Amino acid sequence: MKILPTLEGGLRIDTEDDGDWKLLQTITHDAVSCDEHLALRLGNLITDEQVAADWREYIIPDLEEAFHADLAHVASSIAAARVECGGGPGPLWITREDAFHWYGSLNQARLALEEIHQFGPSEDLSPMGIPPQSRNAFLRSQFYCAIQSLLLEHVMR
Amino acid sequence: MADSDTATLTRTDTSLDVPWSVLVFDDPVNLMGYVTYVLMKIFGYDEKKAAILMLQVHKQGRSIVWTGQREKAEFYVQQLQSHQLKSSLEKAE
């Protein structure tokens, strides 16, 4: 798989085989892999009882809906591009308009993996230092992080 | 039944509006560049101020990024959480 910035200010992901498409599809699977959804985990940070009650009633459902919308957008983009090239080599385009959906979905996936596996700061971590059962998840998280960095550097700013 | 006068008692209760602080917490996932970007976008801070606050979050584990009225603080925390930053609000000390 190759990922390159485009002249139009987006990103182009060139897949090489069906394995690459499957890897891209794990983004949305990983994002919902945590037992407690992200909106609820963020809501748990509100400690004032009165504010927390409002949060549960109004904010958490809205956030949950917005996070799901990001994932649905990314899942349908991947599915459409995969169909377009018959599951083989082919491009997937991320335009400027898509960037926030993609960044948000990748972030949801990384936050969920972190919640489950508790990797901690990744700067000093090597895959060999990760328990075998979590190593694949760590590598996926690093892959998602690389796409996020490209989005941040070339598309969102 | 005799007519009765209705007395209206008006009680005025005045209290000072307590300021609230908006907090952002460190986490190992959100990229430093993204945190800076979100602080610029939500609060309108320039890049230098946003970067200073981001570094406070990174080094001290949390930072107070804004203080003011409760309603506005709630709005800002909602915005921060919609960008997936770990954030909360509390009464300012």
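Each chain gets a letter, A, B and so on, in the order the sequences are listed, and its residues count up from 1. Please read all numbers here as calculations on a predicted model, not as lab measurements.
- The two residues Q78(B) and W55(A) make their nearest non-hydrogen contact at N-CH2, 3.7 Å.
- Counting heavy atoms of neighbouring residues, nucleotides and ligands inside a 6.0 Å radius, atom OH of Y58(A) does not exceed 12 of them.
- Of the listed residues R41(A), R110(A), M156(A), the one with more heavy-atom pairs under 4.5 angstrom with chain B than any other is R110(A).
- Looking at every heavy atom in both residues, Q81(B) comes nearest to L42(A) through NE2-O, 3.1 Å.
- There is no contact between S141(A) and chain B, counting heavy-atom distances below 4.5 Å.
- Of all non-hydrogen atoms in P28(B) and P121(A), the two that sit nearest each other are CB-N, 3.7 Å.
- Environment of CD in Q118(A): crowded, with over 12 heavy atoms of neighbouring residues, nucleotides or ligands closer than 6.0 Å.
- Y34(B) and L152(A) make their closest contact through N-CD2, 3.4 Å (heavy atoms, listed as atom of the first residue, atom of the second, distance).
- Hydrophobic clustering keeps V74(A) apart from W93(A) (ILVMFWY residues linked when any side-chain heavy atoms are closer than 4.5 Å, directly or through intermediates).
- Scanning all heavy atoms of the two residues, the minimum distance from I46(A) to S88(B) falls at CA-OG, 3.5 Å.
- Counting heavy atoms from C-beta outward, S87(B) and L45(A) have side chains that stay 4.5 Å or more apart.
- E115(A) CD to D27(B) CG: the interatomic distance, rounded to the nearest 0.5 Å, is 10.5 Å.
- A 6.0 Å sphere centred on CD of Q133(A) holds more than 12 heavy atoms belonging to other residues, nucleotides or ligands.
- Each of W102(A) and L71(A) belongs to its own hydrophobic cluster when Ile, Leu, Val, Met, Phe, Trp and Tyr are linked at side-chain heavy-atom distances under 4.5 angstrom.
- The environment of E84(A) atom CD is sparse: at most 12 non-hydrogen atoms of other residues, nucleotides or ligands sit within 6.0 angstrom.
- Residues L53(B) and L55(B) share a single hydrophobic cluster, defined by chaining ILVMFWY side chains whose heavy atoms lie under 4.5 Å apart.
- Atom CG of D48(A) sits about 3.5 Å away from atom CH2 of W20(B), to the nearest 0.5 Å.
- Ranking M40(B), R70(B), H83(B) against chain A, the residue ahead of the rest is R70(B), based on heavy-atom pairs under 4.5 Å.
- Counting non-hydrogen atoms of neighbouring residues, nucleotides and ligands closer than 6.0 angstrom, the CD atom of Q69(B) reaches no more than 12 such neighbours.
- With contacts defined as side-chain heavy-atom distances shorter than 4.5 Å, the pair F67(A)/Q84(B) qualifies.
- When the shell of 6.0 Å around CG of D46(B) is examined, it contains more than 12 heavy atoms from other residues, nucleotides or ligands.
- By the criterion of side-chain heavy atoms lying less than 4.5 angstrom apart, applied directly or through intervening Ile, Leu, Val, Met, Phe, Trp or Tyr residues, F119(A) is grouped together with M32(B) in one hydrophobic cluster.
- Among T47(A), L151(A), I59(A), L111(A), the residue with the largest count of heavy-atom pairs under 4.5 Å with chain B is L111(A).
- Heavy atoms of Q108(A) lying under 4.5 Å from chain B belong to its backbone as well as its side chain.
- In terms of heavy-atom pairs under 4.5 Å with chain A, the best-connected choice from L89(B), L80(B), V77(B), L85(B) is V77(B).
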